[in-house]
Amino acid sequence: MLGSRALGAAGPRVFSGVQPTGHLTLGNYLGAMRRWVEVDQRRGDALFCVVDLHALTVEHDPGRVRRLTRQAATLLLAAGLEPERCTVFVQSHVDEHARLSYLMECTASDGEMRRMVQYKEKVAQRAARGESVRLSLLTYPALMAADILAYGTQEVPVGADQAQHVELTRDLAVRFNQRYGETFVVPRATHPKVAERVMDLQEPTSKMGKSGQERKTGVVYVLDEAEVVRKKVMRAVTDGGSDVAYEPEERPGVANLLNVLAACTEGDPRELAGAYGSYGSLKKDTADAVVEVLRPVRERHAALAADAGYVDSVLRDGAERARAMARPRVDAAYRAVGLLA
Ligand code: AMP
Ligand code: TRP
């Protein structure tokens with residue numbers, strides 16, 4: 001059923017991933033998934049992965065990770081990724097990721113890992129609560145580099161928060177190639193034009209992110225019901241002043257709404273600002289636009305979630321294809337460092 005397909009052989013090799021650490025958000029959708037569907041799977045030879053090993057870098061509940069992994073994979077298909085056009089799979093189903101990650105740890109220095117902004121932020125948050133962090137949170141960019149480099153990836157479509165990790169991946173690829181001979185393609189990140197960083201509606205200076213267990217009112221989840229989405233957007237924090245202007249530094253709350261509206265309607269946030277006389281009407285239109293963008297995804301998700309056999313077959317087939325693509329390059333890397341015959 002899924003066996004015959006024409007990969008976009010002429011296009012670039014694309015790889016991206018999403019962590020099953022919480023329910024997927026509007027940030028994930030506008031910053032990453034929507035572009036994977038509309039652009040990346042059509043242009044090239046693309047792989048999209050639910051990176052479940054990464055979900056183990058923070059405290060986790062095994063049953064929840066399993067459920068969220070499945071939900072994320074189902075959502076990728078609901079958003080419109082087509083198994084006939086691209087490869088959709090789960091990271092832990094393909095051993096090559098963990099296998100190459102070790103070689104990346106042997107290529108990176110601990111100093112460059114400790115400089116990662118996301119790591120520093122998470123350590124600071126946890127230290128404030130008197131908690132420790134898992135060692136894998138520090139080494140996580142080595143695993144992410146392995147995810148990308150195993151496939152000869154050229155482009156990595158991600159939100160702005162991942163730019164630094166892709167930059168590090170480039171450094172590791174170049175360093176490995178210099179030390180051991182040409183083995184890896186040096187990839188580059190691509191970002192969406194608008195909404196490369198969707199902010200929390202209640203705290204517009206922080207990224208809208210999946211948070212652990214609790215559901216936050218500043219975060220719109222892809223599977224939120226229309227009424228919930230409306231409420232969250234209508235209650236978004238706005239800034240002083242009452243006229244609508246696009247000033248991300250001075251007025252992050254309003255700029256965030258304009259960015260979201262622009263992303264949902266293919267508009268330009270600055271031009272949209274001129275079209276509104278009050279925060280109330282901007283919020284109402286933004287709420288409507290978000291509801292319309294998410295509606296078909298939620299509907300398809302419900303249909304796919306009822307067809308477990310189909311999702312399983314897509315993931316099984318995806319893992320098989322991914323394994324076949326990664327294996328030769330990871331073997332070559334092992335040989336290059338002096339292992340294997
Ligand atoms: P994560 O949820 O961290 O696994 O992210 C999966 C993808 O969504 C990555 O490409 C992120 O850069 C992107 N992403 C996550 N949150 C946001 C956000 N608030 N705005 C834009 N992109 C995001
Ligand atoms: N670290 C990414 C995030 O938090 C997820 C991820 C893991 C990823 N491996 C990747 C993204 C490889 C792109 C390519 O969003």
Side-chain angles (χ1 to χ4, degrees), residues 13-37 40 46-58 65 68-69 71-73 75-76 79 89-92 94 96-98 100-101 104 116-119 121-122 136-137 139-151 153-170 172-173 187-212 216 218-222 252 256 259-260 262-263 322 326:
R13 174 65 58 92
V14 174
F15 183 99
S16 200
V18 59
Q19 299 197 38
T21 40
H23 297 280
L24 300 200
T25 71
L26 181 66
N28 292 131
Y29 187 71
L30 296 178
M33 290 158 64
R34 191 174 61 160
R35 223 161 22 110
W36 301 350
V37 170
D40 300 306
L47 298 105
F48 302 102
C49 185
V50 181
V51 289
D52 56 349
L53 296 173
H54 285 278
L56 272 48
T57 55
V58 291
V65 166
L68 289 173
T69 297
Q71 188 188 74
L75 265 179
L76 293 183
F89 71 106
V90 175
Q91 185 185 33
S92 68
V94 179
E96 308 309 320
H97 295 249
L100 183 56
S101 177
M104 291 297 117
M116 293 294 112
V117 171
Q118 206 176 62
Y119 173 73
E121 282 175 1
K122 287 197 179 168
S136 54
L137 189 71
T139 57
Y140 144 130
L143 177 58
M144 178 161 164
D147 298 339
I148 296 168
L149 299 180
Y151 296 94
T153 302
Q154 292 158 293
E155 293 183 8
V156 187
V158 283
D161 61 324
Q162 296 302 317
Q164 196 184 26
H165 295 150
V166 179
E167 213 34 59
L168 176 62
T169 300
R170 291 168 58 86
L172 297 181
R188 69 182 185 91
T190 61
H191 303 291
K193 281 202 280 302
V194 269
E196 65 167 8
R197 195 187 300 271
V198 177
M199 307 308 264
D200 188 295
L201 298 174
Q202 290 298 319
E203 253 177 87
T205 48
S206 327
K207 179 183 84 163
M208 179 184 283
K210 312 191 209 85
S211 48
K216 294 173 67 188
V219 178
V220 173
Y221 297 94
V222 177
N256 189 37
N259 278 332
V260 168

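Both counts, for ligands and for their atoms, begin at 1 and track the order of listing.
Taking a cutoff of 4.0 Å between a charged side-chain nitrogen and a carboxylate oxygen, R13 and E155 do not qualify as a salt bridge.
Side chain of E196 to main chain of A160: no donor-acceptor pair is present (N/O by atom type, distance under 3.5 Å, no hydrogens or angles). When atom types are taken as modelled, the side chain of D52 and the backbone of S92 share a donor-acceptor pair closer than 3.5 angstrom. S101 contributes no side-chain N or O that, together with a main-chain N or O of H97, makes up a donor-acceptor pair within less than 3.5 Å. Looking at T153, its side chain never comes within 3.5 Å of a backbone N or O of P187 through a donor-acceptor pair.
With sequence neighbours excluded, the residues that form a ring pair (Phe, Tyr, Trp, His ring centres under 6.0 Å) with H54 are Y140. Among residues two or more places apart in sequence or in another chain, the side chain to side chain contact (heavy atoms under 4.5 Å, CB included) test is passed with A163 by H191.
A side chain to side chain contact (heavy atoms under 4.5 Å, CB included) with L68 holds for exactly one of K210, Q19, H23; it is H23. Looking at F48, Y151, W36 one by one, the single match for ring-ring contact (aromatic ring centres under 6.0 Å, His included) with F15 turns out to be Y151.
For a heavy-atom separation below 4.0 Å, the residues in contact with ligand 2 are F15, S16, G17, Q19, V51, H54, Y140, M144, D147, I148, V156, V158, Q162.
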List ligand 1's nitrogen or oxygen atoms that come under 3.5 Å of a protein nitrogen or oxygen, with the partner atom and distance.
| unit_1 | atom_1 | unit_2 | atom_2 | d |
| --- | --- | --- | --- | --- |
| ligand 1 | 2 (O) | N28 | ND2 | 2.9 |
| ligand 1 | 2 (O) | K210 | NZ | 2.4 |
| ligand 1 | 4 (O) | Q19 | N | 2.8 |
| ligand 1 | 4 (O) | K210 | NZ | 3.3 |
| ligand 1 | 5 (O) | N28 | ND2 | 3.3 |
| ligand 1 | 8 (O) | N28 | ND2 | 3.1 |
| ligand 1 | 10 (O) | G159 | N | 3.2 |
| ligand 1 | 12 (O) | G159 | N | 2.8 |
| ligand 1 | 12 (O) | D161 | OD1 | 2.5 |
| ligand 1 | 19 (N) | V198 | O | 2.8 |
| ligand 1 | 19 (N) | M208 | O | 2.9 |
| ligand 1 | 20 (N) | V198 | N | 2.8 |
| ligand 1 | 22 (N) | G27 | O | 3.3 |

